[in-house]
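One-based numbering along the sequence shown.
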Amino acid sequence: MAAGETQLYAKVSNKLKGRSTPLLLEPLLAMGFPVHTALKALAATGRKTAEEALVWLHDHGNDPSLDDPIPQEYALFLCPTGPLLEKLQEFWRESKRQCAKNRAHEVFPHVTLCDFFTCEDQKVECLYEALKRAGDRLLGSFPTAVPLALHSSISYLGFFINGSPADVIREFAMTFATEASLLADCSVKPCTKQLHLTLAHKFYPHHQRTLEQLARAIPLGHSCQWTAALYSRDMRFVHYQTLRALFQYKPQNVDELTLSPGDYIFVDPTQQDEASEGWVIGISQRTGCRGFLPENYTDRASESDTWVKHRMYTFSLATDLNSRKDSEASSRCSGEFLPQTARSLSSLQALQATVARKSVLVVRHGERVDQIFGKSWLQQCSTPDGKYYRPDLNFPGSLPRRSRGIKDFENDPPLSSCGIFQSRIAGDALLDSGIRISSVFASPALRCVQTAKLILEELKLEKKIKIRVEPGIFEWTKWEAGKTTPTLMSLEELKEANFNIDTDYRPAFPLSALMPAESYQEYVDRCTASVVQIVNTCPQDTGVILIVSHGSALDSCTRPLLGLPPRECGDFAQLVRKIPSLGMCFCEENKEEGKWELVNPPVKTLTHGANAAFNWRNWISGN
């Protein structure tokens with residue numbers, strides 16, 4: 001570590017000690033996160049909601065720099081909105097198309113008011129107050145129209161702001177810098193030079209004329225509402241290139257990065273000696289982890305794509321100063337300060353309520369292989385000597401080992417390849433939702449245990465949470481083929497197949513007690529007993545209990561909690577037929593009213609179409 005970085009770490013660490021914690025920290029601290037990492041997460045996500053900070057913390061669980069108190073860098077920009085912004089964005093697109101990318105394309109249309117400066121994580125709220133104070137002080141004198149004069153040179157094209165409007169804007173920047181210094185102890189340098197909105201910078205000289213023609217086509221007669229916007233960036237990657245992942249990539253080696261579409265990767269061009277051709281070494285913005293990645297899975301992103309917007313102060317177009325002082329104008333002109341506070345409190349209360357109550361998420365397993373290839377699926381993928389091979393890409397790549405051989409898979413089928421994909425995409429969506437899974441129960445059917453494992457992997461919890469196999473939530477045995485219950489994998493076989501199984505868990509309903517062709521009432525009774533024990537054995541304030549089972553469980557495992565009687569058998573059968581792979585039901589305990597309620601699941605449904613088999617031999621060219 002460089003000496004300058006060491007001094008910065010020490011300075012920030014010392015100032016973290018002995019300070020009171022903001023209200024937004026409370027739910028994060030209640031979950032056991034240290035103060036300094038919770039503050040870092042809030043600053044990195046714009047201090048919008050505790051939920052967003054929680055997602056950031058989960059994503060950065062393996063970030064080697066998580067405990068390093070490196071502050072964010074902040075900058076204040078004056079940004080156009082409305083029709084003018086639309087025309088400027090149109091210029092951005094057209095200039096890039098006709099004249100290639102230049103430095104101006106790295107950032108959105110803006111006027112720099114205060115260049116980047118550092119602020120300690122626990123003082124970011126003070127910056128918001130400084131912005132509000134500066135805006136309130138200059139609100140009455142802010143120009144109703146900001147005149148823009150086109151200026152062009154051999155390497156620069158943009159609009160200059162001159163005269164008294166420029167003086168007022170510079171005074172606003174100076175006021176913010178002063179308030180930020182007093183409230184947040186920041187050294188902020190306001191813009192004292194020519195105010196400008198850059199259109200193109202460092203372009204090829206032969207493109208100057210084309211760029212000027214495009215700039216003159218921008219209509220400046222439209223009225224425009226301007227906003228002062230506070231942004232932040234990670235100071236460690238200022239001189240790095242930014243890549244955006246286009247495709248998903250699963251690491252093949254431990255030193256490779258996981259990529260999801262839309263991920264941003266910071267790449268230092270000077271540190272690529274270890275990378276092979278076609279590969280780069282980068283650091284993921286989403287996780288903070290460093291590793292190799294295939295360069296052709298990415299595209300160049302703009303510098304500002306990774307910046308985080310914190311707060312805005314919107315200057316009203318109204319010219320009547322008296323009307324600006326009433327409460328309606330006040331809330332309108334104060335930008336997002338009051339709404340953000342209200343949203344933060346609302347989010348805080350919602351998150352605290354989630355932490356303080358039990359929740360149960362019941363999920364149906366992914367697509368099973370016999371669902372696509374029929375009852376004879378095993379014959380289609382077995383060799384004469386009883387070995388497995390893959391006749392179609394929707395068959396899984398391999399099967400786990402079973403003591404009695406491949407025959408036992410016949411009535412305990414695995415997930416298809418699409419089922420594996422469905423489970424992963426659902427787990428990834430659960431991760432994005434910020435939901436906190438604390439315990440997982442699965443039916444002993446292989447497809448359910450597989451689905452639970454894949455969801456946990458996407459949640460980055462596969463090593464932290466063990467799967468509790470509960471036979472009591474197995475499918476209604478009357479619907480199972482044969483006169484005996486299916487031969488299911490033992491806990492030892494599941495562990496040998498790399499499933500993280502809780503072998504100490506004592507199920508509510510032992511596997512040996514499952515009876516073939518049980519009655520509907522017997523099925524309902526065992527599901528009721530099982531789900532009641534699952535909920536009661538999980539401690540209060542446990543977070544979300546995940547139950548991965550069959551489509552029937554979305555009804556039979558939720559109605560007992562809701563205090564509802566079983567459905568009529570015929571209605572039950574009709575309902576279950578309509579439940580898709582990865583269908584979900586979400587129950588929350590309403591302690592105030594002493595009951596459970598069905599609420600919206602944390603993620604959207606997964607919808608896709610069929611894809612029929614294709615035999616190229618049946619394709620006759622020219623017919």
Side-chain angles (χ1 to χ4, degrees), residues 12 22 24-25 28 33 36-60 63 65-66 68-79 81 85 106-132 176 180 184 186 188 227-245 260 262-266 282-289 301-314 335-337 339-341 343-344 347-348 431-432 434:
V12 177
L24 206 58
L25 276 176
L28 302 177
F33 294 106
H36 66 284
T37 56
L39 285 169
K40 174 180 277 194
L42 288 168
T45 55
R47 296 187 74 95
K48 296 178 178 68
T49 65
E51 292 96 324
E52 290 186 44
L54 179 60
V55 172
W56 188 94
L57 285 165
H58 282 309
D59 286 342
H60 286 257
D63 184 351
S65 67
L66 184 61
D68 297 340
I70 307 175
Q72 295 278 309
E73 281 190 326
Y74 297 83
L76 185 64
F77 303 112
L78 187 65
C79 303
T81 65
L85 176 60
E106 292 291 336
V107 187
F108 45 80
H110 71 282
V111 178
T112 300
L113 300 181
C114 299
D115 214 343
F116 281 98
F117 60 92
T118 59
C119 178
E120 298 165 26
D121 292 340
Q122 73 273 23
K123 294 180 179 178
V124 176
E125 288 282 357
C126 298
L127 287 184
Y128 305 160
E129 178 62 24
L131 177 57
K132 186 176 187 305
F176 169 78
C186 295
V188 182
T227 63
L230 187 67
Y231 281 83
S232 71
R233 69 182 182 187
D234 194 320
M235 64 187 296
R236 296 172 296 166
F237 307 120
V238 171
H239 300 296
Y240 284 47
Q241 291 179 351
T242 305
L243 303 180
R244 181 193 293 106
S260 295
D263 281 359
Y264 291 104
I265 311 297
F266 298 112
I283 297 175
S284 168
Q285 185 200 34
R286 181 170 61 84
T287 66
C289 296
S302 298
E303 177 186 342
S304 62
D305 287 346
T306 60
W307 295 358
V308 177
K309 182 189 286 187
H310 284 251
R311 297 293 184 272
M312 295 189 305
Y313 190 103
T314 301
E336 295 190 22
F337 289 95
Q340 283 284 358
T341 303
R343 282 200 295 273
S344 298
S347 300
L348 172 64
L431 178 66
D432 288 341

Margin query: Distance check, rounded to the nearest 0.5 Å: Leu131 atom CG versus Tyr313 atom OH?
Written below: 8.5 Å

Next item on the list: Return the set of residues passing side chain to side chain contact (heavy atoms under 4.5 Å, CB included) with Thr112 (not counting sequence neighbours), or none when no residue passes.
Entry: Phe77, His110

Checklist line | From CG (Leu39) to CD (Gln122), nearest 0.5 Å | finding: 6.0 Å

Next item on the list: Could you tell me which residues satisfy side chain to side chain donor-acceptor pair (under 3.5 Å) with Thr287, sequence neighbours excluded, listed by chain and number?
Entry: Ser284

Note to self: Return the CG to OG1 distance between Asp68 and Thr37, rounded to the nearest 0.5 Å.
What the structure shows: 11.5 Å

Note to self: Once ring pair (Phe, Tyr, Trp, His ring centres under 6.0 Å) is applied, do any residues pair with Tyr74, and if so which ones, sequence neighbours excluded?
What the structure shows: His310

Note to self: Any heavy-atom pair between the side chains of Leu85 and Phe108 that's under 4.5 Å?
What the structure shows: no

Check: Residues in side chain to side chain contact (heavy atoms under 4.5 Å, CB included) with Cys186, at least two apart?
Finding: Phe117, Cys119, Leu127, Ala184, Val188

Notebook entry, point to check: For Arg244, which residues count as a side chain to side chain contact (heavy atoms under 4.5 Å, CB included) partner, sequence neighbours excluded?
Noted result: Tyr264, Ala301, Asp305

Note to self: To check you understand the geometry: which heavy-atom pair defines the closest contact between Thr118 and Pro71, and what is its length?
What the structure shows: CB-CG, 4.2 Å

Margin query: Using 0.5 Å steps for rounding, measure from the CD1 atom of Ile265 to the CD1 atom of Ile283.
Written below: 9.5 Å

Next item on the list: List the steps, then state whether side-chain contact (heavy atoms from CB on, under 4.5 Å) holds for Glu125 with Leu42.
Entry: CA-CA 10 Å; Glu125 288 282 357; Leu42 288 168; over 6 Å; no

Note to self: Going by the rule ring pair (Phe, Tyr, Trp, His ring centres under 6.0 Å), which residues pair with Phe237 if we only count those two or more places apart in sequence or in a different chain?
What the structure shows: Tyr240, Phe266

Note to self: My understanding is that only residues two or more places apart in sequence, or in another chain, count here; which of them pass salt bridge (Lys or Arg N to Asp or Glu O under 4.0 Å) with Glu73?
What the structure shows: Arg233

Note to self: Using the ring pair (Phe, Tyr, Trp, His ring centres under 6.0 Å) criterion, which residues pair with His60? Sequence neighbours excluded.
What the structure shows: Trp56

Notebook entry, point to check: Could you walk me through whether Val238 and Phe116 pass the side-chain contact (heavy atoms from CB on, under 4.5 Å) check?
Noted result: CA-CA 11 Å; Val238 171; Phe116 281 98; over 6 Å; no

Check: How long is the span from the OG atom in Ser260 to the CG atom in Asp432, to the nearest 0.5 Å?
Finding: 8.0 Å

Note to self: Holding to side chain to side chain contact (heavy atoms under 4.5 Å, CB included), I want the full list of residues that pass it with Ala229, two or more places apart in sequence or in another chain.
What the structure shows: Cys79, Tyr231, Met312

Note to self: Would you say that Leu76 contacts Phe176 through its side chain, given a criterion of any heavy-atom pair below 4.5 Å between the two side chains?
What the structure shows: yes

Next item on the list: Take Thr306 and Asp234 through the side-chain contact (heavy atoms from CB on, under 4.5 Å) test and state the conclusion after the steps.
Entry: CA-CA 8 Å; Thr306 60; Asp234 194 320; over 6 Å; no

Next item on the list: Under the salt bridge (Lys or Arg N to Asp or Glu O under 4.0 Å) rule, collect the residues that match up with Asp63, sequence neighbours excluded.
Entry: none

Item checked: From CD1 (Ile70) to NZ (Lys40), nearest 0.5 Å -> 5.5 Å

Next item on the list: Would you name the heavy atoms of Gly434 and Val55 that are closest together and state the gap between them?
Entry: CA-CG2, 3.2 Å

Next item on the list: Could you list the residues that satisfy side chain to side chain donor-acceptor pair (under 3.5 Å) with Thr45, not counting sequence neighbours?
Entry: none

Notebook entry, point to check: Under 3.5 Å, is there a donor-acceptor pair between the side chain of Arg311 and the main chain of Gly46?
Noted result: yes

